[in-house]
Amino acid sequence: MYTQSGSSPDSWTDKTMSILRANQLEACEKDLAGLPFRCLFDGDCTDTDAETFYSMSFFPMEDRSADVCKLHTVEELRVRVLSAFAAELALLSPEEHDLMVRLVLFGGKLSLQDWEEVIPARGLVRRLWCRTREENGTRVIHMPHQLCASALLLLAGEGHKKIRDAVESVFESIDNTLYLMGMMQAAAPMLHLQALLRDTYAENRPDLITRMFLTGCSCIYDRDGRLILTHPGLADPGQMLRQLPAAAAACQEMSPEALAEASESLNDLESPLYEHMLYTVQDAVRPELNPEDAVEDLIILAKQDVPFEKMKEVLSSLLVSLPSAEMLKALQDLSARIPRWVWFSSSRVQ
């Protein structure tokens, strides 16, 4: 999901990964609430609705280079969506794919019980496949029966499974790389996935891969228009790019071997720090918070080289009481020993 690039004056207590995620989900929920109750494939949809559907889809962004201004019709948009449906279904982000599978299995109507589902739901609506509305206090997503039937057949095919295996492997690599580095160019995993998709019905579709990254990753465009994927806990990627313009060029995907070795070494280093911090705060975190999430927030702040005094403020904001000496010692160890993301000026090699 696209991340705003402007710097924020808020304190670090307002820029933890949990807070950033909550703000993103709230914005997405407001966006969903403002979308039309009709779907492109509803029987009562007419050409008067076509421009609304077009404007909320991915098409305007993708058509920008074509420099064509014209009115659209419902039939034209339906043909355009259906012609790419098989490939696009296979190139959903992992969260979109999970939601779509459950939606199809429930016959095209599903209540969103988890707040985390609003982002993939927004992606399915932008693809012009679905609509959502509030029903009895719960947001419900609807998918037309004709699309559900087509999706059910495609999901059972070996071609779809092959493509999904490739997508899952690339997203795993992206997640690992972002945890190690905080930021990377989208070009490298895009080229990697395109190579994996050769001789499948989803080959040569960079537009659909870009859609998948936009819906499945936190991302930003740099000043040269390159898509940059960012860790969801990175508080201000835009400021980082402005400070270190060469950073984006260095954020390339690591080889699978190097990535596996680096991830294993990082896990060996960070696991004891995580466990110790979790042990000290387990019974002291505010009741509405998850202790594991609280510790993860602190680790991601350390990766951004947040000063120890600021991390103490964040820790205090997470607790029902003042932090104990044992908590502060665990936090000091975490702050000193967690490896920083590579483009922070005070990065330290562990």
Side-chain angles (χ1 to χ4, degrees), residues 1-37 39 52 55-58 61 92-100 102-103 110-142 175 178 182-183 211-221 228-240 285-301 304 306 313-314 317-319:
M1 187 173 180
Y2 183 71
T3 303
Q4 294 297 324
S5 61
S7 61
S8 169
D10 297 335
S11 70
W12 281 103
T13 58
D14 298 315
K15 294 191 287 187
T16 63
M17 183 165 67
S18 295
I19 295 295
L20 295 175
R21 182 66 171 177
N23 291 341
Q24 186 183 56
L25 290 170
E26 184 178 1
C28 193
E29 169 62 28
K30 289 180 179 178
D31 195 23
L32 277 177
L35 295 177
F37 295 149
C39 172
T52 298
S55 65
M56 68 188 233
S57 73
F58 289 99
M61 176 187 68
L92 295 175
S93 71
E95 294 79 13
E96 285 178 305
H97 194 266
D98 290 346
L99 178 60
M100 183 274 303
R102 288 190 293 118
L103 180 58
L110 184 69
S111 298
L112 303 181
Q113 303 293 341
D114 189 335
W115 202 26
E116 295 281 343
E117 293 174 336
V118 298
I119 291 178
R122 178 65 179 93
L124 296 182
V125 173
R126 281 196 75 188
R127 295 173 190 278
L128 303 183
W129 296 0
C130 300
R131 58 180 171 85
T132 72
R133 67 185 307 163
E134 199 85 12
E135 296 181 13
N136 299 320
T138 302
R139 183 154 297 281
V140 178
I141 185 168
H142 295 260
D175 289 343
L178 290 178
M183 180 186 293
R211 288 188 191 187
M212 182 176 65
F213 287 164
L214 289 172
T215 57
C217 303
S218 297
C219 50
I220 188 173
Y221 286 96
I228 306 296
L229 309 182
T230 66
H231 190 279
L234 181 56
D236 197 343
Q239 183 180 27
M240 191 174 306
V285 172
R286 298 202 324 257
E288 70 272 18
L289 302 179
N290 182 294
E292 289 80 6
D293 290 344
V295 175
E296 187 177 16
D297 283 345
L298 294 170
I299 288 175
I300 298 304
L301 292 182
Q304 297 173 79
V306 175
E313 294 177 10
V314 175
S317 74
L318 300 172
L319 305 177

Query raised in the report: Leu112 and Leu99: side-chain contact (heavy atoms from CB on, under 4.5 Å), yes or no, with the steps?
Result: CA-CA 9 Å; Leu112 303 181; Leu99 178 60; 4.0 Å; yes
Query raised in the report: How far apart are the C-alpha atoms of Val314 and Lys15, what are their side-chain angles, what is the distance that settles it, and do they pass the side-chain contact (heavy atoms from CB on, under 4.5 Å) test?
Result: CA-CA 9 Å; Val314 175; Lys15 294 191 287 187; over 6 Å; no
Query raised in the report: Under the side-chain hydrogen bond (donor to acceptor under 3.5 Å, both in side chains) criterion, do Thr16 and Ser18 qualify, and how do the steps go?
Result: CA-CA 5 Å; Thr16 63; Ser18 295; 4.9 Å; no
Requested in this report: Could you give me the CA-CA distance, side-chain angles and deciding distance for Arg122 and Asp31, then say whether side-chain contact (heavy atoms from CB on, under 4.5 Å) is met?
Outcome: CA-CA 8 Å; Arg122 178 65 179 93; Asp31 195 23; 2.4 Å; yes
Requested in this report: Kindly indicate, with the supporting measurements, whether the criterion side-chain contact (heavy atoms from CB on, under 4.5 Å) is fulfilled by Arg286 and Leu319.
Outcome: CA-CA 5 Å; Arg286 298 202 324 257; Leu319 305 177; 5.7 Å; no
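No side-chain heavy atom of His142 sits under 4.5 Å from any side-chain heavy atom of Thr132. Side-chain contact between Met17 and Asp293 is absent, with no heavy atoms from C-beta onward closer than 4.5 Å. Counting heavy atoms from C-beta outward, Phe58 and Arg127 have side chains that approach closer than 4.5 Å. The shortest side-chain heavy-atom distance between Glu135 and Arg133 falls under the 4.5 Å cut-off. In this structure, the side chains of Leu25 and Glu116 come closer than 4.5 Å at one or more pairs of heavy atoms. Leu32 places a side-chain heavy atom less than 4.5 Å from the side chain of Val125. Contact check for Leu234 versus Gln304: side-chain heavy atoms found under the 4.5 Å cut-off. At least one side-chain heavy atom of Cys219 sits less than 4.5 Å from a side-chain heavy atom of Leu214.
Take Arg102 and apply the side-chain hydrogen bond (donor to acceptor under 3.5 Å, both in side chains) test, not counting sequence neighbours, and it matches Glu117. The side-chain hydrogen bond (donor to acceptor under 3.5 Å, both in side chains) test applied to Arg126 returns no partner, not counting sequence neighbours. Scored by the side-chain hydrogen bond (donor to acceptor under 3.5 Å, both in side chains) test, Glu292 finds no partners at all (sequence neighbours excluded). Not counting sequence neighbours, Asp98 has no partner by the salt bridge (charged side-chain N to carboxylate O under 4.0 Å, His left out) test. Qualifying salt bridge (charged side-chain N to carboxylate O under 4.0 Å, His left out) partners for Glu29, counting only residues two or more places apart in sequence or in other chains: Arg139. With sequence neighbours left out, Gln113 forms a side-chain hydrogen bond (donor to acceptor under 3.5 Å, both in side chains) with no residue at all.
Of the candidates Thr138, Ile141, Asn136, Thr138 is the only one forming a side-chain contact (heavy atoms from CB on, under 4.5 Å) with Ser111.
Contact detail for Cys130 and Cys39: the closest heavy-atom pair is N-SG, 4.0 Å. Between Ala235 and Trp12, the closest heavy-atom pair is CB-CZ3, 3.7 Å.
Atom CG of Asp14 and atom CG of Asn23 lie 8.5 Å apart (nearest 0.5 Å). How far OG of Ser218 is from CD1 of Ile119: 7.5 Å, rounded to the nearest 0.5 Å. To the nearest 0.5 Å, the span separating OG1 on Thr13 from CD1 on Ile19 amounts to 8.0 Å. Considering CD of Glu288 and CG of Leu318, their distance stands at 9.5 Å, rounded to 0.5 Å. Taken from OG1 in Thr215 to CG in Leu124, the straight-line distance is 8.5 Å, to the nearest 0.5 Å. Distance check, rounded to the nearest 0.5 Å: CH2 of Trp115 to SG of Cys28 gives 10.0 Å.
Without hydrogens or angle criteria, Glu96 side chain to Gly216 main chain gives no donor-acceptor distance under 3.5 Å.
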